[in-house]
Structure formats: C-alpha cells, structure tokens
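Have a look at the structure below before the remarks.
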Amino acid sequence: MEVPFGPSAAAESTVVSSLATRRNLVLVLIDAGVWATWSAVCGYIAHRIPAFRLARDGRLFRIRGFEACGRFYERWLRIKRWKDRLPEAGALFRGGVSKRGVGGADRASLQCFATETRRAELTHWLILAASPWFFLWNPWWLGLAMLGYGIVANVPCLAIQRYNRARLLRMIPRPSQARTG
C-alpha cells in the first residue's frame, strides 16, 4: 500500500507552492489582460483593413496543396465535428461581418465570405505572433505556458478559416466558367 504523504508528496507540494506565488498569480493576471487587449487590438486592426485588400489570396492566405481543397481538415482534424462550437467574433466591431451570417450562394456572397475568412485568419496570425513577447516578463515556464495558450487558442481558428476558404474557393465560379457555362 502506498503512503499518500511521503517524500514525493512533499516534493510535489513544494513545487506547487513555489509556482503558486503571489508574483506568479499577478503575472498570470497580467498575461490574461495582455492576451485580451492584444486580441481586441488585432481584431480592430483587421476590421479596419478595406475588403479590397483582402479580396485575393496572397502568400500568407494561399491554400496549400496538402490542404487538398479542405479535405485535409476533414480527414485529419475532423473539423466538421467541432468547428461550429468555437466563438465567432466577426461582428464584434460596428460594420463587421459575422461569418455565420454570410449567406447566399451567389458569386458576390461567396467572395465576401472568403474575404472575411482572410480577415479572421489575419487576426489570428497577428494574435499568435505576440506569443514570444510573453517571455520578456514571465519566467521561462510561464512563457512556455503562454506560447501554448496562444497555439491552443488560435490554431483551431486558423484551421477553420482555411478550411472554409478552401471550400468556398471550390464553389466560386471563375469568370471564364460563368461565361461558358
């Protein structure tokens, strides 16, 4: 029978108490405030970018071959099972567009939706880019935790935007197809 309170339990208690100091708790609160503020700033910056600047896929937004028109996300990430459970903040700022509210199967509606997926993707790339900054004021282990948080909070959102856009781009008729079809 194992004794619940032994040298290993005392060592674990020491580690937990050394992590849960007042200073570390304050740092976590600061980190949470920085994440929230930075996320709002990035969302606002992306919101202010004119739609025409996001109308086409550049190097960052281009759908890669491995994504296979979105099938990669369906097969490997099972994205259809969980994508609608994540929050959507496209309409957070006045004049913003909710990706859930973009309707219509006409070319203009689909292009608008694709533009908004680029806007959301840019927002999440900008938010994620802040991760290394957390190492400036945090101990290394908390910096790693913040990096982990940045990845966990943003990569699923990036995957959703890329998945949706890959599917949309398949649906949008090209001008040459519209004339000949």
Side-chain angles (χ1 to χ4, degrees), residues 31-134 146-181:
D31 291 341
V34 169
W35 276 120
T37 303
W38 180 245
S39 298
V41 167
C42 291
Y44 185 72
I45 289 169
H47 167 72
R48 300 291 297 164
I49 296 172
F52 76 88
R53 294 212 180 263
L54 297 167
R56 302 231 181 269
D57 287 341
R59 284 182 18 203
L60 179 64
F61 302 121
R62 184 177 58 239
I63 302 299
R64 307 300 192 265
F66 79 89
E67 293 172 287
C69 298
R71 289 193 258 316
F72 166 81
Y73 299 103
E74 292 172 1
R75 286 184 195 137
W76 295 99
L77 300 181
R78 308 275 192 242
I79 200 165
K80 287 183 177 183
R81 293 183 183 178
W82 53 266
K83 74 180 187 85
D84 293 329
R85 294 183 183 153
L86 295 185
E88 201 284 319
L92 183 64
F93 301 107
R94 185 180 305 177
V97 179
S98 170
K99 268 67 75 200
R100 290 195 174 124
V102 177
D106 60 290
R107 181 178 172 81
S109 296
L110 295 174
Q111 285 179 326
C112 176
F113 192 172
T115 297
E116 292 308 313
T117 64
R118 290 181 195 99
R119 187 182 311 280
E121 185 178 341
L122 176 62
T123 300
H124 288 286
W125 280 121
L126 290 171
I127 294 168
L128 190 55
S131 298
W133 291 98
F134 286 88
M146 292 300 112
L147 174 65
Y149 170 78
I151 291 169
V152 168
N154 289 286
V155 169
C157 299
L158 289 166
I160 290 168
Q161 300 314 316
R162 295 189 65 79
Y163 168 71
N164 284 338
R165 192 168 57 260
R167 291 178 49 229
L168 284 167
L169 294 176
R170 280 192 319 219
M171 296 168 55
I172 298 173
R174 300 185 196 265
S176 61
Q177 291 174 331
R179 281 180 279 179
T180 59

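Between the CZ atom of Arg85 and the CD1 atom of Ile160 there is a distance of 11.5 Å, given to the nearest 0.5 Å. Residue Asn154 holds its CG atom at 7.5 Å from OH of Tyr149, rounded to the nearest 0.5 Å. Note that CG of Asp84 and CD1 of Ile79 are 9.5 Å apart. Values are rounded to the nearest 0.5 Å. Remark: Ile127 CD1 to Leu122 CG distance equals 9.5 Å, nearest 0.5 Å. Taking CZ from Arg53 and CZ from Arg48, the interatomic distance works out to 13.5 Å, rounded to the nearest 0.5 Å. Here Leu168 contributes atom CG and Cys69 contributes atom SG; the two are 12.0 Å apart, rounded to the nearest 0.5 Å.
Closest approach of Ala46 and Thr123 over heavy atoms only: CB-OG1, 3.0 Å. Considering every non-hydrogen atom in both Ala129 and Pro132, the closest pair reads O-CD, 3.3 Å. Minimum interatomic distance between Leu110 and Ala105 (heavy atoms only, all atoms of both residues): CD1-O, 3.5 Å. The nearest pair of heavy atoms linking Leu77 to Ala159 is CD1-CB, 4.1 Å. Taking each heavy atom of Pro156 and Leu86 in turn, the nearest pair found is CB-CD1, 3.9 Å. In terms of heavy atoms, Gly70 sits closest to Ala166 at N-CB, 3.5 Å.
With Asp57 as reference, Arg165 is the one residue of Arg62, Arg64, Arg165 to meet the salt bridge (Lys or Arg N to Asp or Glu O under 4.0 Å) rule.
No side-chain heavy atom of Ser131 sits less than 4.5 Å from a side-chain heavy atom of Ile151. Considering only heavy atoms from C-beta on, Met146 stays 4.5 Å or farther from Trp133 through its side chain.
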side-chain contact (heavy atoms from CB on, under 4.5 Å) between Phe61 and Gln161: does it pass, once the steps are laid out? CA-CA 10 Å; Phe61 302 121; Gln161 300 314 316; over 6 Å; no

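Considering only residues two or more places apart in sequence or on other chains, Arg162 meets the salt bridge (Lys or Arg N to Asp or Glu O under 4.0 Å) condition with Glu67, Glu121.
Counting non-hydrogen atoms of neighbouring residues, nucleotides and ligands closer than 6.0 angstrom, the CZ atom of Arg71 exceeds 12 such neighbours.
Under the 30°/60° scheme for interplanar angles, the aromatic rings of Phe134 and Trp35 are found to lie parallel.
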